[in-house]
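As the structure lists them, so they are numbered: ligands from 1, and atoms in each ligand from 1.
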Amino acid sequence: MFASDVREGLSRPGQKQLPCQYFYDEVGTALFEAITALPEYGLTRADTRLIRRLAPTLCEHMPAPVAVAELGSGSGSKTRRILQALAGRAPVTYYPIDLSPSALALCAREMSAVAAVHPIAETYVEGLRRAACARRPGESLLVLFLGSTIGNFARAAAEDFLRDVRACLMPGDALLVGTDLIKPLARMLLAYDDPAGVTAAFNRNLLVRINRELDADFALRSFAHEARWDAQARRIEMHLRSLKAQRVSIRAAGFECELRKDETIWTESCHKFHAAEICEMGAAAGFECRAQWLDDTWPFAETLLAA
Ligand code: AVI
């Protein structure tokens, strides 16, 4: 899969592209954790602040008993708040859904004191289908999709994804989705091009991974990290710019890639939203916007979409 995705993305006739899910090898995951601690990257802190604020009110929105399914199980600190708030009323079942067995194992260790944990090693939608089938009769399902991961989908894919999630749910269920909002341009650019170079290292690590896992010879110093704002698409794009004309062999994928000087490889899209837009997207997918919480210091929204 990795080899064929890399081959497909780098042999495109126009803009070369690599899928952003491959950022997250062990080093990439550690670099992302470091990004979340950067003063310039307020997204994760805003998400955490909002979860702290809204968790105590969730019981008002979700009838007991509740099962929680989380898409991408993360490090768990945000989820713990939610599980604790719901478990104060009645025992909670928690289905973390992730492709990474190590993330699931960590999550199960962290959460087992608060909820009955049933990890599901699956893609988001397939995992959610399984969680929805596994819940007990009468249990409502709260789906968590935090951290603005939905912003890494193309807009049309995000809309399709919301429809797929809705199709797994029944009346009484809900989706809590975190989304980063549009803010002044300089602030958005700095969040993806920090002065310490952590985001640049995160971006370049994708080439390190290709070198290691696919026996390639990307010369890292010949690529510059670039963050750009596409105003029409309302997204930050991350690219790797080739600093010279070069040819790279990716032996395990069986091909060579030619890059012109200043040609870029597009590695990630981070879409930014207007708060009202999330409710509109939810409505188009068959949800009703039940509540929305906004952060005061870093524009970010947590939206509860009821099925
Ligand atoms: C995981 N995702 C929500 C992050 C984002 O902001 O889009 C990934 C990231 N890329 C660079 N910095 C952080």
Side-chain angles (χ1 to χ4, degrees), residues 17-51 70-79 96-100 103 107 123-124 144-155 157-158 161-162 176-209 223-230 233-241 264-273 277-278 295 298-303:
Q17 210 169 340
L18 288 169
C20 66
Q21 78 256 27
Y22 294 114
F23 277 136
Y24 301 93
D25 64 354
E26 213 179 318
V27 174
T29 303
L31 285 168
F32 178 65
E33 278 294 315
I35 287 173
T36 65
L38 291 170
E40 296 81 13
Y41 189 83
L43 189 156
T44 311
R45 285 184 296 278
D47 195 26
T48 306
R49 274 194 300 274
L50 285 171
I51 296 289
E70 182 167 20
L71 311 179
S73 49
S75 63
S77 57
K78 292 177 257 182
T79 315
I97 300 164
D98 206 296
L99 279 174
S100 156
C107 184
T123 57
Y124 293 154
L144 307 178
F145 197 32
L146 306 176
S148 202
T149 303
I150 197 168
N152 297 128
F153 295 3
R155 276 185 201 270
F161 176 76
L162 288 177
L176 181 67
V177 61
T179 43
D180 202 24
L181 302 181
I182 295 176
K183 45 189 76 58
L185 180 57
R187 210 173 177 200
M188 289 193 287
L189 285 173
L190 207 55
Y192 291 90
D193 195 4
D194 60 279
V198 182
T199 311
F202 174 72
N203 199 8
R204 279 204 199 87
N205 182 57
L206 190 49
L207 302 184
V208 177
R209 181 174 185 181
F223 288 89
H225 166 69
E226 196 173 290
R228 321 174 174 160
W229 173 246
D230 180 328
R234 303 192 302 287
R235 67 180 174 224
I236 293 283
E237 290 179 5
M238 295 213 312
H239 289 255
L240 288 161
R241 172 178 297 282
T264 70
I265 304 172
W266 182 8
T267 52
E268 188 178 42
S269 298
C270 311
H271 291 86
K272 306 298 166 190
F273 301 87
E277 189 180 353
I278 322 301
D295 190 62
W298 180 275
F300 191 94
E302 224 69 72
T303 308

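Taking distance alone, with nitrogen or oxygen atoms compared against 3.5 Å, N152 approaches ligand 1 more closely than that limit. At least one N or O atom of E268, backbone or side chain, sits closer than 3.5 Å to an N or O atom of ligand 1. In terms of polar-atom proximity, defined here as any N/O pair under 3.5 Å, T199 makes no such contact with ligand 1. Checked by distance only, ligand 1 and Y192 come closer than 3.5 Å through their nitrogen or oxygen atoms.
At least one heavy atom of S148 sits closer than 4.0 Å to an atom of ligand 1.
The closest donor-acceptor contact from the side chain of N203 to the backbone of H239 lies under 3.5 Å. The main-chain N or O of F153 is found under 3.5 Å from a side-chain atom of H271 such that the two form a donor-acceptor pair. In this structure a side-chain-to-backbone donor-acceptor pair under 3.5 Å is present from H225 to Y192.
Per-residue contacts place G147 under 4.0 angstrom from the following atoms of ligand 1 (heavy atoms of the residue considered): 3 (C). Atoms of ligand 1 found under 4.0 Å from any heavy atom of C270, numbered from 1 in the order shown, are 7 (O).
Within the 4.5 Å cutoff, the side chain of W229 has heavy atoms near those of the M188 side chain. By the 4.5 Å heavy-atom criterion applied to side chains, L162 and I150 are counted as neighbours. Residues F223 and I265 meet the side-chain proximity criterion, which asks for heavy atoms closer than 4.5 Å.
In this structure, of Y24, F23, Y41, F202, the residue bringing a heavy atom nearest to atom 4 (C) of ligand 1 is Y41.
Salt bridge annotation for E277-R155: present, with a cationic side-chain nitrogen under 4.0 angstrom from a carboxylate oxygen.
Using a 4.0 Å cut-off between heavy atoms, L43 contacts ligand 1 through its side chain alone, with no backbone atom that close.
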